[in-house]
Amino acid sequence: METIQSDRIREACGVFGVFDTEGGDAAHSIYMGLCALQHRGQESCGIAVCDTGGPKGNICCHTGMGLVNEVFREEDIKKLSGNLGVGHVRYSTTGAPTLQNAQPLVLNYIKGTLALAHNGNLVNAQKLRHTLELSGALFHTDTDSEVIAHCIARERLRTKTVEEAVLNTAQKIRGAYALVIASPKKLTAIRDPLGIKPLCLGRRGNTYVIASEDCALRSAGADFLRDIRPGEMVTVTEDGIRSNTALCQEKHAHCIFEYIYFARLDSTLDGINIYDARIRAGAALAKSAPAQADLVCGVPDSGIPAAKGYAEASGIPFGLAFYKNSYVGRTFIKPTQEERVSSVHLKLSVLTSVVKGKRLVLVDDSIVRGTTISHLIRMLKEAGALSVHVRISSPPFLYPCYFGTDVPSNRQLIASSHTAEEIREMTGADSLSYMRIQDLQSMAGDLPLCRACFDGNYPLEIKKTERRR
């Protein structure tokens, strides 16, 4: 975890699947796709492949801790021979950040082998784990993903096809999930019925590609076909694509934070372009929280599009207040406050000639604990900024998330125990305003949203026994 990101919300992971129906190599395409999804997880990654024309059940897998280009060398990719496979990048929201918990998970069972990559969290994982353990399942990780894999394997014993086993499992699990599953002859993908986690389908000639975001499709040379519908299961075989919509429902709840922060700027999720959504967020913020200022700037990188939207709507010039050092590499959380502050300075430096003598509007996507924004305000004022008016392109975080977003418990959310004025005083801002919760819809149009971390209205019931935080 990067120090500059210690006050940031984190996404669970990204998933990617490839089936070349003409027998071409899948591993290189998966590698390219995972590189494009790196923003969704930096702790670990992995690729699992099989050859549909080779020995049944022979799945090769390589996983490691770190970034994709750190884990995979050219010789590693060459060893992963097969035309069907799945890949994964991980940031842990359940399960420790260890190699043992890296995905894809490869599970051998009586009827065969499968490799599974999962994005999301289940709210009934502990109950399912207990049931599976009573029936003899042996767990090697503490992840929700292994619970899903064991459920599929158990269902496979009494079904004719992998798709049936996946569908039966999906009827038992509760929560958020985007799954891609490689079995010896099929690539199967399924999205949770609420559509909390994104998943889309693409094609490159006779190769079908499934990914968390469409930016990853393009990185693998594939064209976007469509988003996989909430609740839909898609199966790819040598004969083409099949769709099962048995679990589709009218009620949807797409994660608002995909549009605020998680997704890449060049992605479009469920018909909503991410860059445009963040521009609209900044514009809405400018209307509800104006400021007397000379310059609007954003916190790199996530705050910059909203800052541009704020500037366009307010008529205040947009500028860059920080230089981001992209060559530092990953800077892990330091044990002392002094070292944490030093790491922020290592990542970002102020463009003094830009901010000196200026009244600034500083736009960021969120405040979780308040630590990073305090350092940045101090840096700007030390560089000569006359005032710093902080504008946040999301409402205050008040409630934890149970669906695969690393929103900590209420005790760690600064807004749950402090007013905006108290946070302003604590951070040193001259003024502080959040996006109004009623303006969130301006980002996503008519798309139904999950915004439970802001208003506490969860799209499905969370029992006390399921609240793991």
Side-chain angles (χ1 to χ4, degrees), residues 4-5 7-9 39 215 254-324 348 350-351 354-355 358-368 370 372-373 376-377 380 385 387-397 415 420 423-424 427 429-447 449 451 453-454:
I4 192 64
Q5 297 292 338
D7 195 32
R8 287 283 188 269
I9 299 299
H39 60 288
C215 65
H254 304 269
C255 176
I256 181 57
F257 234 81
E258 293 287 349
Y259 302 94
I260 294 173
Y261 174 64
F262 292 150
R264 248 175 55 165
L265 271 183
D266 56 339
S267 288
T268 297
L269 303 185
D270 293 300
I272 305 298
N273 180 269
I274 299 301
Y275 177 78
D276 292 342
R278 292 174 189 169
I279 292 288
R280 290 194 294 269
L285 191 57
K287 293 176 183 177
S288 65
Q292 295 294 318
D294 306 303
L295 192 71
V296 179
C297 51
V299 176
D301 291 312
S302 56
I304 290 177
K308 189 172 184 297
Y310 190 104
E312 291 174 353
S314 66
I316 303 171
F318 169 79
L320 298 176
F322 296 99
Y323 169 75
K324 182 179 179 181
L348 295 178
V350 178
L351 300 173
V354 174
V355 306
K358 301 283 180 59
R359 299 169 299 170
L360 304 178
V361 173
L362 180 62
V363 180
D364 203 0
D365 59 75
S366 61
I367 296 179
V368 183
T372 299
I373 198 72
L376 298 181
I377 293 168
L380 290 169
S387 57
V388 180
H389 301 278
V390 174
R391 298 294 181 265
I392 304 299
S393 60
S394 66
F397 281 110
I423 297 171
R424 183 200 67 76
T427 59
D430 291 274
S431 69
L432 168 65
S433 294
Y434 293 88
M435 175 179 275
R436 300 180 306 180
I437 197 163
Q438 61 264 37
D439 289 337
L440 284 175
Q441 210 65 49
S442 66
M443 300 179 69
D446 296 329
L447 198 69
L449 300 172
R451 52 190 192 184
C453 51
F454 304 131

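Index from 1, following the sequence. Because the structure is a prediction, the values reported are computed rather than measured. What you see below is based on every heavy atom in this structure, not just the backbone, and it leaves out hydrogens, waters and symmetry mates.
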Report summary line: When every non-hydrogen atom of Ile392 is compared with those of Val390, the smallest separation belongs to CD1-CG1, 3.6 Å

Report task. With rounding to the nearest 0.5 Å, note down the distance linking OG1 in Thr268 to CG in Asp276. Result -> 8.0 Å

Query raised in the report: Any side-chain heavy atom of Tyr259 sitting closer than 4.5 Å to one from Ile274?
Result: yes

Query - Residue pair Leu360 / Val355, side-chain heavy-atom distance below 4.5 Å - result: yes

Query raised in the report: Heavy-atom distance under 4.5 Å between the side chains of Leu376 and Val388, does that happen here?
Result: no

Query - Pair listing, side-chain hydrogen bond (donor to acceptor under 3.5 Å, both in side chains) test, anchored in residues 277-299, at least two apart - result: Asp294-Arg359

Report task. Over all heavy atoms of both residues, which pair between Arg391 and Ala289 is shortest? Give the atoms and the distance, please. Result -> NE-O, 2.9 Å

Requested in this report: Please name all residues satisfying side-chain hydrogen bond (donor to acceptor under 3.5 Å, both in side chains) with Thr427, sequence neighbours left out, ordered by chain then number.
Outcome: none

Report task. Report the distance from atom CZ of Phe397 to atom OH of Tyr434, rounding to the nearest 0.5 Å. Result -> 9.5 Å

Query raised in the report: How many angstroms lie between CD1 in Ile279 and OG in Ser393, if you round to the nearest 0.5 Å?
Result: 10.5 Å

Report task. Ignoring hydrogens and angles, tell me if any N or O in the side chain of Gln441 forms a donor-acceptor pair with the backbone of Leu447 under 3.5 Å. Result -> yes

Report summary line: For Asp266, the salt bridge (Lys or Arg N to Asp or Glu O under 4.0 Å) test, sequence neighbours excluded, returns Arg218, Arg264

Query raised in the report: Of the non-hydrogen atoms in Ser394 and Asp365, which two are nearest, and what is the gap between them?
Result: OG-O, 2.7 Å

Query raised in the report: Which heavy-atom pair separates Asp364 from Ser302 by the least distance, and what is that distance?
Result: OD1-OG, 3.8 Å

Query - Spacing of OG belonging to Ser267 relative to CD1 belonging to Ile272, to within rounding of 0.5 Å - result: 13.0 Å

Report task. Have a look at Phe322 and tell me which of Asp301, Ile304, Leu380 forms a side-chain contact (heavy atoms from CB on, under 4.5 Å) with it. Result -> Leu380

Query raised in the report: Are Leu362 and Val299 side-chain neighbours, meaning at least one heavy-atom pair lies under 4.5 Å?
Result: yes

Requested in this report: Using side-chain contact (heavy atoms from CB on, under 4.5 Å) as the criterion, list what pairs up with Ala313, not counting sequence neighbours.
Outcome: Ala283, Ala286

Query raised in the report: Side-chain contact, heavy-atom cut-off 4.5 Å: Leu269 with Phe262?
Result: no

Query raised in the report: Hey, is the main chain of His389 close enough, under 3.5 Å, to the side chain of Ser431 for a donor-acceptor pair?
Result: no

Query raised in the report: Gly319 and Leu295: which non-hydrogen atoms are nearest, and at how many Å?
Result: N-CD1, 3.8 Å

Requested in this report: Please step through side chain to side chain contact (heavy atoms under 4.5 Å, CB included) for the pair Leu320 and Val354, ending with a clear verdict.
Outcome: CA-CA 8 Å; Leu320 298 176; Val354 174; over 6 Å; no

Requested in this report: Quick one: list whatever passes salt bridge (Lys or Arg N to Asp or Glu O under 4.0 Å) with Lys358, sequence neighbours left out.
Outcome: none

Report task. Would you name the heavy atoms of Val361 and Ala291 that are closest together and state the gap between them? Result -> CG2-CB, 3.8 Å

Report task. List in chain and number order the residues that pass ring-ring contact (aromatic ring centres under 6.0 Å, His included) with Phe318, two or more places apart in sequence or in another chain; answer none if no residue qualifies. Result -> none

